[in-house]
Amino acid sequence: QRLMAVNYLGSVYPSRAVIATMKERRMGRIVFVSSQAGQLGLFGYTAYSPTKFALRGLAEALQMEVKPYNIYITVAYPPDTDTPGFAEESKTKPLETKLISETSSVCQAEQVARVIVKDAIQGNFNSSVGSDGYMLSILTSGMSPVTSITEGLQQIVCMGIFRIVGLFYLGSFDSIVRRCMMQREKSESADKTE
């Protein structure tokens, strides 16, 4: 409940507060900060991921409602980012989650902020950072709005190739979870025999 209140409703209420004025002006930009964990559910994020996935549903529906008023929604999907919150989270992160996170690099906050601001100014619906982010945005594009014909064509052309790459990632993640489980079971059985 706390994560839904912060991550989802914490975006709903400010949006409701500004939309009427934006409609009157016939102009505006709203940015929702989701996460790559809002595109792909991962071990250790069963409470967090759904709250970030919810932002996408909000953004897609809201974009359709406010686009006639020249208001554009951007959903940012930042990767692990070097922030105090990330450092705090890393202290209690399960081993499986740490190992899965290590398959991608940690980005600097300034780099992520620059990309999000640029995408919002350009009116892009999706904002992603780096090659992993680009691949996830293509793979999870579904029925989300596109900013240009080029973006739509990139999604069509890259989807199959990226799905193959994604399957290798998923297999790797499953392998990490299995290895950690087996190590934990070995450790528990060794403790019982002592």
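If you're wondering where the values come from, they're calculated on a predicted model, not measured in any experiment. Below, each value reflects all heavy atoms present in this structure, side chains not excepted, and no hydrogens, waters or symmetry copies.
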| request: Mark yes or no for whether S90, through its side chain, and F86, through its backbone, hold a donor-acceptor pair below 3.5 Å. | output: yes

| task | Can you measure from CE (M4) to OH (Y48) and round to the nearest 0.5 angstrom? | result | 13.0 Å

| remark: Between G142 and R56 the two heavy atoms that sit nearest each other are N-NH2, 3.9 Å

| request: Answer with yes or no whether the side chains of S175 and R179 bring together a donor and an acceptor at under 3.5 Å. | output: yes

| said: Do Y45 and L170 sit in one hydrophobic cluster, given that two such residues count as connected whenever their side-chain heavy atoms are within less than 4.5 Å of each other, even indirectly? | reply: yes

| task | Could you tell me whether the side chain of S137 and the main chain of S128 form a donor-acceptor pair under 3.5 Å? | result | no

| said: For the CE atom on M64, are there more than 12 heavy atoms of other groups (residues, nucleotides or ligands in this structure) within a distance under 6.0 Å? | reply: no

| query | With distance as the sole test, does T81 use its side chain to make a donor-acceptor pair with the main-chain N or O of P79 at under 3.5 Å? | reply | yes

| Side-chain donor/acceptor of T97 to backbone N/O of K93, under 3.5 Å | no

| request: Verify the distance criterion only: is there a donor paired with an acceptor across the side chains of T74 and N124 at less than 3.5 Å? | output: no

| L136, F162: one ILVMFWY side-chain cluster at the under-4.5 Å cut-off? | yes

| said: Looking at Q111 and C107, would you say the former's side chain and the latter's main chain have a donor-acceptor pair under 3.5 Å? | reply: no

| Do you know the tightest heavy-atom contact between I138 and C158? | CG2-CB, 4.0 Å

| remark: Closest non-hydrogen atoms of S49 and A37, given as atom of the first, atom of the second and distance, are OG-O, 2.7 Å

| remark: Minimal heavy-atom distance between S141 and M159, with the atoms involved, is OG-CE, 3.7 Å

| task | Please assess D132 against S104 for the test side-chain hydrogen bond (donor to acceptor under 3.5 Å, both in side chains), listing each intermediate value before the final yes or no. | result | CA-CA 8 Å; D132 288 348; S104 186; 2.8 Å; yes

| task | Give the cluster check for Y13 versus I19: same hydrophobic cluster or not, with ILVMFWY residues linked at side-chain heavy-atom distances below 4.5 Å. | result | yes

| said: If I compare all heavy atoms of S127 with all of I116, which pair ends up nearest, and what's the gap? | reply: OG-CA, 3.5 Å

| Matching residue for M22 among I30, N70, V66 - test: side-chain contact (heavy atoms from CB on, under 4.5 Å) | I30

| query | Do E96 and R184 sit within salt-bridge range, that is, some charged N less than 4.0 Å from a carboxylate O? | reply | yes

| Sub-3.5 Å donor-acceptor pair from the side chain of K52 to the main-chain atoms of V33, do we have one? | yes

